[in-house]
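Structure, as structure tokens:
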Amino acid sequence: QLQLVESGGGLVQPGGSLRLSCAASGFTLEHYAIGWFRQAPGKEREGVSCINNSTDSTYYADSVKGRFTISRDNATKNTVYLQMNSLKPEDTAVYYCVPLPLWINVHNVCPSGNVILSWGQGTQVTVSS
């Protein structure tokens, strides 16, 4: 089973930063594209950012472009990060990292949320003063 574990969420003031981590359990992340999705109460699920090393491509939703950065740990190759800066109250949500097939185009799959292979427990991010 493709299980990913998210961590790094918490409570932060507007304008603050958090770094979310996504670690694999029992398999190698290098064999998958990875996406970060979020779900806020009463809102539709949103594809925040995706990365596909096989095509050297990344995707960012317009709502986070210029503020969030997705990256992989080049040393272990088994952790993906989401650096979130200049956080806003509207970024409040549960954040999930998900494995995606390597053949995907992140610009199609990240907005649509298709072909997500599994879901983890998520990590809560709350932006509030």
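By convention here, the first residue in the shown sequence is residue 1. Only this structure's heavy atoms are used, side chains among them; waters, hydrogens and symmetry mates stay out.
Counting all heavy atoms, side chain and backbone alike, Ser17 lies closest to Gln83 at CB-NE2, 4.0 Å. Closest of all the heavy-atom pairs between Gly35 and Cys50 is CA-SG, 3.6 Å. Among all heavy-atom pairs drawn from Pro14 and Ser129, the shortest one is CD-N, 3.7 Å. Cys22 and Trp36 get closest at one heavy-atom pair: CB-CZ2, 3.5 Å.
Residues Tyr59 and Leu82 do not share a hydrophobic cluster, clusters being chains of Ile/Leu/Val/Met/Phe/Trp/Tyr side chains in contact below 4.5 Å. In the hydrophobic clustering of this structure, Val48 groups with Tyr60; members are Ile, Leu, Val, Met, Phe, Trp, Tyr whose side-chain heavy atoms approach within less than 4.5 Å, directly or through other members. In the hydrophobic clustering of this structure, Val106 groups with Tyr96; members are Ile, Leu, Val, Met, Phe, Trp, Tyr whose side-chain heavy atoms approach within less than 4.5 Å, directly or through other members. When hydrophobic clusters are built by joining Ile, Leu, Val, Met, Phe, Trp and Tyr residues whose side-chain heavy atoms come closer than 4.5 Å, directly or via intermediates, Val94 is not grouped with Val127. No continuous path of ILVMFWY side-chain contacts below 4.5 Å connects Ile116 to Val80, so the two sit in separate hydrophobic clusters.
Residues Pro99 and Leu4 are in side-chain contact: their nearest non-hydrogen atoms beyond the backbone lie under 4.5 Å apart. Leu117 places a side-chain heavy atom less than 4.5 Å from the side chain of Pro101. Side-chain contact between Asn53 and Glu30 is absent, with no heavy atoms from C-beta onward closer than 4.5 Å.
Within 6.0 Å of CD in Gln121 there are 12 or fewer heavy atoms belonging to other residues, nucleotides or ligands.
Looking only at distances, no side-chain donor or acceptor of Ser21 sits under 3.5 Å from a matching main-chain atom of Tyr81. For the pair Asn52 (side chain) and Leu102 (backbone), a donor-acceptor distance under 3.5 Å is present. For Arg38 (side chain) and Val125 (main-chain N/O), no donor-acceptor pair under 3.5 Å exists by modelled atom type. Remark: side-chain polar atoms of Thr123 are not paired, donor with acceptor, to backbone N or O of Tyr95 under 3.5 angstrom. With hydrogens and angles ignored, the 3.5 Å screen pairs a side-chain donor or acceptor of Asn78 with a backbone N or O of Leu29.
Taken from OG in Ser49 to CG in Leu20, the straight-line distance is 11.0 Å, to the nearest 0.5 Å. In this structure, OG in Ser54 is found 13.0 Å from OH in Tyr32, a value given to the nearest 0.5 Å. Interatomic distance, OG1 of Thr58 versus CD1 of Ile51, reported as 6.5 Å (0.5 Å rounding). With rounding to the nearest 0.5 angstrom, the CG atom of Leu18 is 9.0 Å from the CG atom of Leu11. Put simply, OG on Ser57 and NE2 on His107 are 5.5 Å apart, with the number rounded to the nearest 0.5 Å.
Salt-bridge formation is not detected for the pair Asp91/Lys88: no Lys NZ or Arg NE/NH1/NH2 atom is positioned less than 4.0 Å from an Asp or Glu carboxylate oxygen.
By the 30° and 60° cut-offs, the orientation of the rings of Trp119 relative to Phe37 is perpendicular.
At a cut-off of 3.5 Å, with distance as the only test, a side-chain donor of Ser63 or Glu46 sits close to an acceptor on the other residue.
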